[in-house]
There are 2 protein chains.
Amino acid sequence: MENTQRQVPAPAPAPTPRRRKGAEAILEAAEVLFAERGYNAVPVSAIAARAGVSKANVFHHFGTKDRLYLAVLRRACGAATQVWHERMAGDGAFDARLRHAAGAHLRHLLEQEEVSRLLLREVVENGPRRGAELAEKVFDEHFDGLVRMIRDGQRNGELREDADVSVVAALLLGADVFFFLARSVLIHMKAATFASDPERYSDLIAEYLFSGLAPTHK
Amino acid sequence: MENTQRQVPAPAPAPTPRRRKGAEAILEAAEVLFAERGYNAVPVSAIAARAGVSKANVFHHFGTKDRLYLAVLRRACGAATQVWHERMAGDGAFDARLRHAAGAHLRHLLEQEEVSRLLLREVVENGPRRGAELAEKVFDEHFDGLVRMIRDGQRNGELREDADVSVVAALLLGADVFFFLARSVLIHMKAATFASDPERYSDLIAEYLFSGLAPTHK
DNA sequence: TCCGGATCTGACCGTCCGGTCAGCATAGCG
DNA sequence: CGCTATGCTGACCGGACGGTCAGATCCGGA
């Protein structure tokens, strides 16, 4: 696994714009397959076949299956944070922004299902190991963005002063992740009426969180 | 995979109390290893070694690696629901019961870390496939128990009448699952102050959910 | 046109893994 | 004591997989 790579010792510090023909195709194929079946269950030959190149070519570009996986993770992280940043805008009342953030995040998870599953799996499989720095990075950025947004609302007096903003952020993200994880199971359950309606789900989440579940003060 | 099993065609409709010597050891070893590394990354030989039996013995008892995995899942499901039921008791005011449920569930996840990771992985990896009926069963029971508890509170007027109980349950469970999943990542983050204190976390979760995050009505 | 480096490939290798099988050992029984 | 059923094992097999290698092809520059 720590073999002598012939050439390409440090192939491209920044991803060079030109070149990259087969490499991109390989990355795309690998992303889909890894997300679908996980690292161990995907042979390099399958990735090569899907990308329309030879197996040896995969090793030519990435040296190791492990390095390919890392590259896929890196790419996925980049894409994820990019979309997320575009989405995190929002103004208006605080509860509206809560609703906006929760909805945007859930939509993001569902739209980028493959990437989401890939990163999520990475967290489940090996919390601090392997590409932890990567997953952690996305995770960190997302989490911090949300925390900042909530803290702003708190500073403006739109949120209880004694609230722990990071716990609030965890509640929001957790609710979305739970939906993403569990929807395939929930959809078969009578008790869960929300499983097929993510919009309504995140709206309710935000509303309950903001207004509380106590009986309406009459 | 669909080979002729010599004996034991329907070995024990209910798990027979006697026999079971090596089999139990194999199940235990497999549970730990599968939880740690996942199905594909664990060779049968490793399970056999850990259980102190020969590889062939594993096949003698379970016929297939796949069937062994199923058996592990089944066992884990049983243990999980049992503990859960013991925990779901609780009386007092509704918000106290909310807090109790959230805390108990999170404690349950953390104490049974291996089993939790096993089942969680099963949901992430293949939502509706393979042992879905199993994971779904635990999931269903847990979720339904929580939903019932919340609905009871609602009937007693301790909870907003218009609240969707299943969404509330999802919020609670999601928050806990998120904690379980993310704690290894969160623990390295400055923003998350709660990562090392599950008790406080679930207390806050329940309180925010019940009282809401709106500025305190003065 | 020739050259050199990069891209790409088919064929191959060593290893590991799931699963099989023929037989050993032990325990219950006559 | 012998017979048999059965838990159990070492040795083995076929296939798949990660990775290598020698060379074919392509392409830009001198």
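Every heavy atom of this structure was used, including side-chain atoms; hydrogens, water molecules and symmetry mates were not. Keep in mind that what you see is a predicted model, and the values were worked out from it rather than measured. Throughout, protein chains are lettered first and strands after them, A, B, ... in sequence-line order, and every chain is numbered starting at 1.
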Can you check side chain to side chain contact (heavy atoms under 4.5 Å, CB included) on B:Arg117 and B:Glu36, steps first, answer last?
CA-CA 8 Å; B:Arg117 192 185 306 274; B:Glu36 261 175 15; over 6 Å; no
Could you tell me whether the side chain of A:Gln154 and the main chain of A:Ala163 form a donor-acceptor pair under 3.5 Å?
yes
Would you say the side-chain atoms of A:Ser54 pair up with the backbone N or O of A:Asn57, donor to acceptor, closer than 3.5 Å?
yes
Given atom [atom1] of [X] and atom [atom2] of [N], what is their separation to the nearest angstrom?
X	N	atom1	atom2	result
B:Lys65	C:dG19	NZ	C1'	12 Å
B:Asp66	C:dC17	CG	P	17 Å
B:His61	D:dT6	NE2	P	13 Å
B:Phe59	D:dG10	CZ	C1'	15 Å
B:Leu68	C:dG19	CG	P	10 Å
B:Ile47	C:dG18	CD1	P	8 Å
A:Asn40	C:dC16	CG	P	15 Å
A:Glu24	C:dT7	CD	C1'	16 Å

Evaluate the criterion side chain to side chain contact (heavy atoms under 4.5 Å, CB included) for residue pair B:Leu106 and B:Phe179; output intermediate values, then yes/no.
CA-CA 8 Å; B:Leu106 185 51; B:Phe179 186 97; 3.8 Å; yes
At 10 degrees resolution, what angle do the end axes of the helix from C:dT1-D:dA30 to C:dG30-D:dC1 form when each is taken over five base pairs?
10°
Can you name the atoms? Protein N/O to nucleotides 9-13 of chain C N/O, anything below 3.5 Å, with the distance.
residue	atom	partner	partner atom	Å
C:dT9	OP2	A:Ser54	N	2.7
C:dT9	OP2	A:Ser54	OG	3.1
C:dT9	OP2	A:Asn57	ND2	3.3

Which residues share a side chain to side chain contact (heavy atoms under 4.5 Å, CB included) with A:Lys65, sequence neighbours left out:
A:Phe34, A:Tyr39, A:Val44
Would you please test B:Glu31 and B:Leu27 for side chain to side chain contact (heavy atoms under 4.5 Å, CB included) and show each step?
CA-CA 6 Å; B:Glu31 180 176 303; B:Leu27 277 175; over 6 Å; no
Between B:Tyr201 and B:Asp176, is any pair of side-chain heavy atoms under 4.5 Å apart?
yes
Check the pair B:Arg200 / A:Asp164 against side chain to side chain contact (heavy atoms under 4.5 Å, CB included), numbers first and verdict last.
CA-CA 11 Å; B:Arg200 178 171 160 264; A:Asp164 183 322; 2.7 Å; yes
Hey, what's the ring geometry for A:Phe139 with A:Phe143, parallel, tilted or perpendicular (30° and 60° as the breaks)?
parallel
